[in-house]
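Letters A, B, ... are given to chains in the order of the sequence lines, protein chains preceding strands, and every chain is numbered from 1. Side chains included, hydrogens not; waters and symmetry mates left out as well; all remaining heavy atoms used.
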There are 2 protein chains.
Amino acid sequence: MLSTGSNAHSNFAAVAMMKPQLETLDELFAAVPRETLDVGAGLFWEGDRAQHIFEVSEGVLRIFKIIGDGRRVITGFLYAGDMVGLTLRDVYLYSAEAVTPVKVRRLTKKAFQDAVEHSPELRPRLFALMCDEMAAAQDQMVLLSRKSAEERVCSFLMLTARRMQGNRQLGRTVQLPMSRQDMADYLGLTIETVSRTITKLIARGVIAPNGRHAFDIAKPGKLLALCGDGDSYEEIGERGAKTRQAVWPH
Amino acid sequence: MLSTGSNAHSNFAAVAMMKPQLETLDELFAAVPRETLDVGAGLFWEGDRAQHIFEVSEGVLRIFKIIGDGRRVITGFLYAGDMVGLTLRDVYLYSAEAVTPVKVRRLTKKAFQDAVEHSPELRPRLFALMCDEMAAAQDQMVLLSRKSAEERVCSFLMLTARRMQGNRQLGRTVQLPMSRQDMADYLGLTIETVSRTITKLIARGVIAPNGRHAFDIAKPGKLLALCGDGDSYEEIGERGAKTRQAVWPH
DNA sequence: ATGCGCTGTTACAGACTGTTACACATTTCA
DNA sequence: TGAAATGTGTAACAGTCTGTAACAGCGCAT
């Protein structure tokens, strides 16, 4: 069942206001006690009244929607430092569950809104955060709309590699704490296709398994090329020089 | 043709600031002269320095990204009243082109930011706008990730039907000003699949063609059921009662 | 009116991914 | 320890959607 962990969300709500000038959104949450979520536990569900904003302080969260006949779409994974539940609607538009043991802090929506409304420092930060979220959503649309299974898996590996290491130069190892099913539901594939694709990448020596939920990136250049983003410098793929079709803006 | 009541405001460029309390984002743009875009003309391109925010006052715009080998993903269509270019980044993250003849008004990003920063009325409206955009993006992810070709086309018809009529009770006719290729690039399908799917819907009497770029919705209930959203009251589809599989939140 | 070009439709073969099934590994619990 | 439950890997088959192509409809120019 869903034990929301220790729900000691005592009313530290307004305490955040005591510091006259908060400079980062992090600081807003700093004074609030942390709550713990077990693996698989839900933080909130799609349709719940949206009364709190959360900050992940440890662990990984998945946010997802479910449509009629049980199909699940994971719209994102959230890591330490990310915020959840940011919406003006009166209900949450998605559900949030713990992929790993998670620690979060919560603020009432009202407290959060007041704090932002009264701090000229915080507003642009919130705005920037939402812009980043939007940019990520659009990248995901590109992935889901036009990328092959292999490109999706490679993109996910690259994205996760960058995020896990706190955006520092991507390390050689990627941790994938979520299950294959989670990956499939995030990438718009089936679990088998994810599995096959990973197997193929290993066989080609692009990545090497490092336990069940981690991979060493053996050929970062090739992995990047396989993402299908066709960025700036076109990597020399193994399917020959792409024709670099003129972008043809109508 | 889509003509919103054209109230010929003439050039009062920066006058917007004179009114002490703006109440809607529309009013911000009201004083700016309108610019015209021909069909197919670009408003800005992905990677351009993002110096302006635009409001569509007439016509339809498509916003899209292009990846390496020419694949195009349309991330949205914008109608009268929508805003474009809203980002804190210093470059646009997508391109914008006119699907129909378009009229827009522009504000420099700085002017826009200042206005919002100084108006407690405007800020929540902007926030709400971005939340709506985020919600739309997530719905699109669901569509691209887990919906069949038929569900995608039906969802698009419903969405467009609602938007075109200015959100009033959905009329019987849907205008689709964009090309089949645009629809395909928005829905993550090929032009042929879009065409075939539409043909099938016509054959089944769900919709009826009304010129090349418009359809009459003959069976709104069935169209809604075919969207695959499995909402609240489960419509009685033609594939029998779905088993309403328990949502099984892990 | 005729021809050209663009958009949209239809048909068919084929590819990629999904479906189904089963084997194996790991963990949990009796 | 063993059995059940869960997660994962592999394979054969099937299905949807795609890619290619030819054709039809419409607008526009010669």
Side-chain angles (χ1 to χ4, degrees), chain A residues 38-40 62 69-74 97 99-101 143-154 156 176-204 207-215 226 228 239 243 245 248 250, chain B residues 38-40 62 69-73 99-100 143-154 156 176-204 207-215 226 228 239 245 248 250:
Chain A
D38 294 332
V39 170
R62 62 175 165 252
D69 50 351
R71 287 173 284 186
R72 185 180 71 161
V73 177
I74 293 183
E97 282 177 350
V99 169
T100 67
L143 181 146
L144 293 172
S145 185
R146 288 290 181 231
K147 287 191 178 178
S148 69
E150 185 175 84
E151 288 171 334
R152 294 181 198 205
V153 170
C154 291
F156 181 67
L176 298 177
M178 66 292 297
S179 71
R180 295 287 190 270
Q181 184 65 62
D182 283 341
M183 292 176 52
D185 287 347
Y186 180 65
L187 298 175
L189 300 169
T190 60
I191 184 172
E192 293 86 351
T193 301
V194 171
S195 199
R196 274 191 295 248
T197 307
I198 289 178
T199 302
K200 219 181 303 171
L201 289 173
I202 294 170
R204 283 198 278 164
I207 57 176
N210 185 340
R212 198 83 162 221
H213 286 281
F215 294 92
L226 290 176
R239 2 173 211 213
T243 25
Q245 170 179 330
W248 188 54
H250 198 86
Chain B
D38 292 332
V39 170
R62 62 175 165 252
D69 50 353
R71 288 172 284 187
R72 184 180 71 160
V73 177
V99 169
T100 67
L143 182 147
L144 294 171
S145 185
R146 288 287 181 233
K147 286 191 179 179
S148 68
E150 185 176 83
E151 288 171 335
R152 294 183 198 205
V153 170
C154 290
F156 181 66
L176 299 177
M178 67 292 297
S179 71
R180 295 288 190 271
Q181 183 65 62
D182 284 340
M183 292 176 51
D185 287 347
Y186 180 65
L187 297 175
L189 300 169
T190 61
I191 184 173
E192 295 88 347
T193 301
V194 170
S195 198
R196 279 187 288 253
T197 306
I198 289 177
T199 302
K200 220 181 303 173
L201 288 174
I202 293 170
R204 283 199 278 163
I207 57 176
N210 184 340
R212 198 82 164 222
H213 285 282
F215 294 91
L226 291 175
R239 359 173 215 212
Q245 171 178 327
W248 186 56
H250 197 87

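OP1 or OP2 of D/dT8 sits under 4.0 Å from a side-chain N or O of A/His213.
Atom CZ of A/Phe215 and atom C1' of D/dT8 are 11 Å apart (whole Å). For the pair B/Ile198 CD1 and C/dT9 P, the computed distance is 6 Å after rounding to whole Å. B/Glu150 has its CD atom 17 Å from the P atom of D/dG15, to the nearest Å. Taking atom CD of B/Glu192 as the reference point, atom C1' of D/dA24 lies 15 Å away to the nearest angstrom. What separates CZ of A/Arg196 from P of C/dT17 is a distance of 8 Å, to the nearest Å. As rounded to whole Å, 15 Å separates atom C1' of D/dG7 from atom CG of A/Leu176. Atom P of nucleotide D/dG9 and atom NZ of A/Lys200 are separated by 14 Å, given to the nearest angstrom.
In this structure, the side chain of A/Arg71 engages the main chain of B/Arg146 through a donor-acceptor pair within 3.5 Å. A donor-acceptor pair under 3.5 Å links the side-chain atoms of B/Arg152 to the main chain of B/Lys147, judged by distance alone.
In terms of heavy-atom proximity, A/Gly188 sits nearest to B/Ser145 at CA-OG, 3.3 Å. Of all non-hydrogen atoms in A/Tyr186 and A/Ile74, the two that sit nearest each other are CD1-O, 3.2 Å. Minimum interatomic distance between B/Ala184 and B/Ile191 (heavy atoms only, all atoms of both residues): CB-N, 3.6 Å. A/Val39 and A/Val99 make their closest contact through CG1-O, 3.6 Å (heavy atoms, listed as atom of the first residue, atom of the second, distance). Heavy atoms only, all atoms of each residue included: A/Met178 and A/Met183 are closest at CG-CG, 3.7 Å.
The closest side-chain donor-acceptor pair between A/Arg196 and A/Thr193 falls under 3.5 angstrom.
Place A/Ser195 and A/Arg146 on DNA chain D by their nearest nucleotides, and A/Ser195 ends up nearer the 5' end.
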Pair B/Arg180-B/Asp185, salt bridge (Lys or Arg N to Asp or Glu O under 4.0 Å): steps then yes or no
CA-CA 9 Å; B/Arg180 295 288 190 271; B/Asp185 287 347; over 6 Å; no

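Residue B/Thr199 is classed as a sugar-phosphate contact, given heavy-atom separations below 4.0 Å to backbone atoms only.
Non-hydrogen atoms lying under 4.0 Å from DNA chain C are contributed by A/Gly188, A/Leu189, A/Thr190, all within residues 177-191 of chain A.
With axes fitted over five pairs at each extremity, the angle between the ends of the helix from C/dA1-D/dT30 to C/dA30-D/dT1 is 20° (10° resolution).
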